[in-house]
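Chain A is the first sequence line, chain B the second, and so forth, proteins listed ahead of strands; every chain is numbered from 1.
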2 protein chains.
Amino acid sequence: MTTIADVARAARVSISTVSYVLSGKRTISPDTKERVTQAIADLNYSPHASARSLASRSTQVIGLQAPLRAGVDVHVVMEIVAGIARAARANRYNILLLTGDDSEALEHAARASAVDALVVMDVESTDPRIETVKNLPAPSVLIGLPSESGDAHCVDFDFEAAGRLAAARLAELGHKRVALFGAPQEVMERHTSYVDRLRQGFIGGCEEHGLSGSVHACPTSTDARATVDGIFAENPSMTGVLFHNEGALPHVAPRIIAGGRDVIAMCPEHLARTVPGLTDTIIVPAEDIGAAAARAALDLLAGTKRDRIELLPPRLGSTSAEA
Amino acid sequence: MTTIADVARAARVSISTVSYVLSGKRTISPDTKERVTQAIADLNYSPHASARSLASRSTQVIGLQAPLRAGVDVHVVMEIVAGIARAARANRYNILLLTGDDSEALEHAARASAVDALVVMDVESTDPRIETVKNLPAPSVLIGLPSESGDAHCVDFDFEAAGRLAAARLAELGHKRVALFGAPQEVMERHTSYVDRLRQGFIGGCEEHGLSGSVHACPTSTDARATVDGIFAENPSMTGVLFHNEGALPHVAPRIIAGGRDVIAMCPEHLARTVPGLTDTIIVPAEDIGAAAARAALDLLAGTKRDRIELLPPRLGSTSAEA
DNA sequence: ATGAAAGCGCTAACAT
DNA sequence: ATGTTAGCGCTTTCAT
């Protein structure tokens with residue numbers, strides 16, 4: 001193992017000079033700097049991460065608690081993680097993937113000074129982890145919008161605005177009776193924050209534009225078809241739909257479209273591209289959410305002042321299925 | 001911050017005693033152990049990860065390079081990561097997600113002693129990272145089977161056996177003319193290792209069982225339908241299919257099934273469940289692959305002797321779409 | 001069964 | 001502009 005002492009010896013300078021060349025926290029004569037840089041290259045030296053973080057009290061690591069379980073939209077999770085990774089790397093941070101989805105894992109990482117900050121994904125309306133991170137020595141950012149966020153820092157997609165946007169668009173298209181086809185029953189009943197916010201935005205938007213709107217749970221599996229057929233049978237005047245269920249979308253949307261109805265799909269971009277005939281798409285900017293969360297964490301570390309809650313706005317995409 | 005010295009003081013023992021209580025590397029009198037344990041609990045003490053790894057020369061961290069880009073099957077990636085995470089946690093390891101998909105990221109992590117071992121996902125047939133990890137101070141495990149694996153340790157799904165298994169099953173079902181519908185053209189042309197191995201196994205299996213078999217690229221998007229229709233139009237006697245393309249499966253498989261043909265799908269379990277009528281399923285045991293890779297890494301760290309290449313066998317699942 | 005103390009490889013005062 | 005050195009919080013050898 002090459003250490004800073006080896007580099008110092010090779011460059012005939014003191015250890016601290018090498019350290020300062022590395023950190024740039026001191027002005028170094030061009031000549032010295034050159035010798036040190038050369039020695040570092042010659043010896044293929046990398047500072048020992050643990051030694052550095054022990055001395056500097058900073059790990060250059062962000063702890064990430066991601067839901068690796070089923071039931072969440074893996075595409076969205078992956079994109080968010082990718083966004084965090086991208087922002088982290090741009091700032092020379094690495095990501096410690098916490099293997100454990102509970103408060104304990106967060107506590108341990110923070111208490112052990114294994115991370116400088118924490119990013120917690122998939123935060124539910126009322127989540128015990130909100131209380132946990134509040135009392136931790138490391139700053140943290142939640143992805144999701146709990147009902148009682150307290151003074152926690154949160155980043156999320158603006159589901160309410162998305163619901164409102166969809167309603168406005170359906171009104172613009174001339175519909176009178178519209179519906180939101182959303183998560184499976186069990187998710188609806190959990191009152192996951194985003195489910196409720198989307199519904200509120202949608203219903204609010206309908207009222208605003210004089211639409212009659214309703215909300216329906218939608219199973220992910222194949223019997224989604226029967227469910228949807230049933231709903232339309234009971235409500236023949238329902239002509240426009242906001243669809244928010246990635247599992248069911250490819251199975252059900254073509255059917256609704258074939259029935260001559262307008263479908264606005266809220267889903268990741270790649271999925272929208274595989275379903276032809278969608279009237280519009282509301283893209284969830286998953287990667288941006290991740291990047292925003294990482295930046296929030298870095299802001300907290302830097303002491304930059306910022307809003308506690310950052311909601312990323314929805315945007316309406318064109319319906320560009322390739323076929 | 002609570003340190004080991006605080007604990008030692010509270011328990012009225014020496015620092016080393018606390019350390020030994022924690023590590024269990026020394027026999028401690030019940031009385032002392034009790035006092036130390038109590039003090040640790042009272043003070044809510046967690047050892048400082050960096051300090052520990054600096055002194056012990058071990059980080060308890062596995063570096064993971066995962067493909068966060070598009071084009072790979074995110075479900076599979078996530079499941080593999082989950083498998084690694086599970087095995088890692090079971091052994092008190094954490095995972096450092098390397099933000100960077102190149103050799104440099106691997107080098108840096110290893111050289112900086114930020115990780116004890118590396119797991120590299122999505123390794124292609126000929127991958128520069130194979131050479132990179134060979135010369136690193138940390139042991140590494142590749143997920144994938146490069147054509148020249150050298151003395152690298154590899155874990156992967158046994159795609160060849162899977163192809164063979166599918167052919168055997170199609171023969172058993174009485175088919176004479178069968179096909180493998182696989183990755184999109186561009187992936188086929190890259191000769192990604194698994195694509196070739198699957199093809200070889202399938203063709204080999206066909207020969208073995210006297211089947212006439214062919215291999216076809218399959219676009220992921222909606223024009224998969226046209227492609228597939230074209231193939232069947234040209235080969236009306238083709239009655240059985242091994243389908244290996246998660247993106248196209250939900251769009252195309254129902255159509256093939258409706259045409260009265262047998263479809264064996266090779267895909268993650270959750271996807272198989274959304275497509276009714278599949279004759280059989282070959283489940284890619286993604287989570288097991290991750291777990292196996294993690295265990296391989298831990299074995300290397302422990303010096304346990306093991307095979308360089310571990311291929312996980314395919315298994316035929318029943319066709320249990322819920323509908 | 002326990003303690004004392006010498007590192008581990010760095011950073012950041014405190015020198016000059 | 002550079003060097004010296006006291007830590008950072010642990011593990012582990014060497015004592016007793």
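Using a 4.0 Å heavy-atom distance criterion, Ser53(A) is classed as making no nucleic acid contact. Backbone-only engagement by Ile28(A) is indicated by non-hydrogen atom pairs under 4.0 Å involving sugar-phosphate atoms exclusively. Nucleic acid contact for Ser113(B): none, since no nucleic acid atom lies under 4.0 Å from a heavy atom of the residue.
The line from CG of Leu97(A) to CD1 of Ile62(A) is 13.0 Å long, rounded to the nearest 0.5 Å.
Taking only side-chain nitrogens and oxygens, Lys25(B) comes nearer than 4.0 Å to OP1 or OP2 of dT12(D). When the side-chain nitrogen and oxygen atoms of Thr32(B) are compared with OP1 and OP2 of dT2(C), one or more of them lie within a distance under 4.0 Å. Checking the phosphate oxygens (OP1, OP2) of dG9(D), no side-chain nitrogen or oxygen of Ser50(B) falls inside 4.0 Å. Of the side-chain N and O atoms in Ser19(A), none sit less than 4.0 angstrom from OP1 or OP2 of dC10(C).
A salt bridge is absent between Asp299(A) and Arg295(A); no separation between the charged side-chain nitrogens and carboxylate oxygens falls under 4.0 Å.
Paired with Phe157(B) under the rule side chain to side chain contact (heavy atoms under 4.5 Å, CB included), one option of Leu311(B), Ile283(B), Ile289(B) passes, and it is Ile289(B).
The CG-C1' distance, from Leu22(B) to dT12(D), rounds to 14 Å in whole Å. dT11(D) atom P lies 14 Å from atom CZ of Arg57(B), rounded to whole Å. When the C1' atom of dC10(D) is taken as reference, atom CG of Asp6(B) falls 13 Å away, rounded to whole Å. In this structure, the CD1 atom of Ile4(B) is 15 Å from the P atom of dT2(C), given to the nearest Å. Here dG9(D) presents its P atom at 12 Å from CZ of Arg9(B), a figure rounded to the nearest Å. Protein atom CD of Gln60(B) is 15 Å distant from nucleotide atom P of dC10(D), rounded to whole Å.
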Between the protein and nucleotides 4-7 of chain D, list every N/O to N/O distance that falls short of 3.5 Å.
{"from": "dT4(D)", "atom 1": "O4", "to": "Ser16(A)", "atom 2": "OG", "distance (Å)": "2.9"}

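Under the 3.5 Å distance criterion, with hydrogens and angles disregarded, no donor-acceptor pair is assigned to the side chains of Ser53(A) and Thr59(A). Thr32(B) and Ser29(B) form a side-chain donor-acceptor contact under 3.5 Å, judged by distance and modelled atom types alone.
The main-chain N or O of Ala105(B) is found under 3.5 Å from a side-chain atom of Asp102(B) such that the two form a donor-acceptor pair.
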* Apply side chain to side chain donor-acceptor pair (under 3.5 Å) to the pair Thr132(A) and Ser103(A), showing each step before the final yes or no. => CA-CA 6 Å; Thr132(A) 301; Ser103(A) 287; 2.6 Å; yes

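Comparing dC10(C), dG3(C), dG9(D) against the side chain of His48(B) picks out dG9(D) as the nearest. Listed candidates were dC10(D), dT12(D), dA12(C). Nearest to the side chain of Arg52(B) is dC10(D).
Take the nearest nucleotide of DNA chain C for Thr27(B) and for Leu54(B): the residue whose nucleotide is more 5' is Thr27(B). Mapping Ala51(B) and Arg12(B) onto DNA chain C by nearest heavy atom places Arg12(B) at the nucleotide closer to the 5' end.
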